[in-house]
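Read through the structure below, which is laid out as structure tokens, and then see the notes.
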Amino acid sequence: MNGNNDDNIETIECLNEYLSTHNNSEPFSYFSKVPDDCKTYPCVLGIDEAGRGPVLGPMVYGTAFCCINSMQILANLECDDSKALTEEKRVEILSNLLKQRNKVGWGVEVISPTFICNSMLSRSKYSLNRVSMDSAVGLIRKAVENGVNINAVYVDTVGPPEKYQAYLESLFPNFKITVAKKADSTYPIVSAASICAKVTRDQALKVWKFSEDLAEAASSFGSGYPGDPVTKKFLFDFCDPIFGFPQLVRFSWSTASTALEESAYHVEWEAIEEDEKQSKKSRTLMTSFFNMTKSETDSNVQKHNFFKRRNLSSTLEL
Amino acid sequence: MLVHILGGKNNLECSYRDSKIHSLPCKIHADCDAPVSKYFEPYVTSQEDGILKASFRGFPLLGMKINFPEHYKGIILHESIRPETEDEERRFYVVNNFNSITYWNWDKSPTKNDLFVQALDWLDIAEALHSPIME
């Protein structure tokens, strides 16, 4: 994570500016200046995510932290479950939170759709849960690095909370760690983190620049949830038969791959092909040993291994 | 069957020198033009170690540019009409040429162990074996 920023984000406009100047195919992160109070007095730190489910756009991990003594601020800011709030309300809460920069610190990691599908479609299959956990751990580490005096950490869970909590406890034995379902509606500090994440994701989509130069595609992609008819239409309208979708889309989602099967050329990957070839080779019939004639390949003059290993053959026909 | 490759010197020296050719580690079941500069090239980045990075249909790709040895050229042939029977003569026209290729692997840095890279060894060996001996 490269979360060292020269300029501080103090308004929603700054946030938009920050998001639009970043390369949106690579993950990037922002971490606010740590309030002096948070370096001196014990703090609570919350973590939540936004945009895990949608077929397009980045997934954003957010964190918020403040001194245990200043937690009343969170109640004053009306930090609540970000999903239960309207978009306008969330933006309003975040801009108020940004004004409290002497009391409350925050940070986000914007995980690009390209990074998400590249991870899920890598050879070693780096799962979305793993990506999520690593992002949460990265945010906690960043807070520690920047001098936040962490006392307790609250995290909204991915997968079974017990296992995730044990994992975080093993990494950070000095903090009181609570991993829970729906932590964003239970703990105000997680709500604050959730709002940071959710607003960042919404704004990232609003200022999204298509590297594919598809100006007409902007603002026509909807919420990104597979059930949204606008998103469905977008996947249909902006599908290139060779390349598929612009890289706003997470190719590894079944919604995307199903749409590709319908409207793009079929693509076969090398590794899968090789496996098939091998299994064909090993399928020698028992009866073939009793055949009077040798199979075709045996009668050919064998090429030297140098050529065979390199897939080289002389071409007389095309 | 006889194969004619037509085009000659003019086409080999033609202005398409900078053609960018990408070799992807997959088979695309298509035979048509592809908007490579629109969908693929904007995302090609260079890592610290010089290895190139890109993404195709969500799959992570790592690649490197392979320059052909001097005096070698890649050519792209086009056949206007494919004859109906196998015995007829076939005519191909040189429509483009290139001096390098960007070779991509799926989530694995290209190395000397890749078949494509190894296949180019033959060029040096062939030269040593088959070039006329000067006395």
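For the numbers below, each heavy atom of this structure counts, side chains included, while hydrogens, waters and symmetry mates do not.
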At a heavy-atom separation under 4.5 Å, does [X] approach chain A through its side chain, its backbone, both, or neither?
| X | value |
| --- | --- |
| B:Val117 | neither |
| B:Thr45 | side chain |
| B:Tyr43 | side chain |

Item to check | Gap between atom CG of B:Asn99 and atom NZ of B:Lys73 - 0.5 Å precision | outcome: 4.5 Å
Checklist outcome for this item: One should read off an interatomic distance between A:Ser135 OG and A:Glu49 CD, to the nearest 0.5 angstrom, of 9.5 Å
Which atom names give the shortest non-hydrogen contact between [X] and [Y], and what distance separates them?
| X | Y | answer |
| --- | --- | --- |
| A:Ala136 | A:Tyr164 | CB-OH, 3.3 Å |
| B:Glu79 | B:Pro83 | OE2-CD, 3.6 Å |
| A:Arg52 | A:Val158 | NH1-CG1, 3.6 Å |
| A:Trp269 | B:Leu61 | CZ3-CD2, 4.1 Å |

Compare all side-chain heavy atoms of [X] with those of [Y] and state whether any distance is below 4.5 angstrom.
| X | Y | value |
| --- | --- | --- |
| B:Pro60 | B:Ser55 | no |
| A:Leu19 | A:Phe28 | yes |
| A:Phe234 | A:Asp228 | no |

Side chain, backbone, both or neither: which part of [X] has a non-hydrogen atom closer than 4.5 Å to chain B?
| X | answer |
| --- | --- |
| A:Phe245 | backbone |
| A:Gln247 | both |
| A:Leu260 | side chain |
| A:Ala256 | neither |
| A:Pro241 | backbone |
| A:Ser252 | neither |

Checklist entry - Is the centre of the B:Phe59 ring less than 6.0 Å from the centre of the B:Trp104 ring? => result no
Checklist entry - Which one, B:Ser37, B:Ala30, B:Pro42, leads in non-hydrogen pairs under 4.5 Å with chain A? => result B:Ala30
Item to check | Top of B:Ala119, B:Ala34, B:Gly58, B:Pro35 for chain A proximity - count of heavy-atom pairs under 4.5 angstrom | outcome: B:Gly58
Checklist entry - Stepwise, does the side-chain contact (heavy atoms from CB on, under 4.5 Å) test hold for A:Trp253 with A:Met120? => result CA-CA 9 Å; A:Trp253 259 236; A:Met120 292 171 77; 3.6 Å; yes
Checklist outcome for this item: Counting heavy-atom pairs under 4.5 angstrom with chain B, the leader among A:Val249, A:Leu312, A:Asp240, A:Asp213 is A:Asp240
Checklist entry - So which residues of residues 202-212 of chain A are in contact with chain B at a heavy-atom cut-off of under 4.5 Å? => result A:Ser211, A:Glu212
Checklist entry - Is the cationic atom of B:Arg57 (NZ for Lys, CZ for Arg) positioned less than 6.0 Å from the six-membered ring centroid of A:Tyr265 and within 45 degrees of its normal? => result no
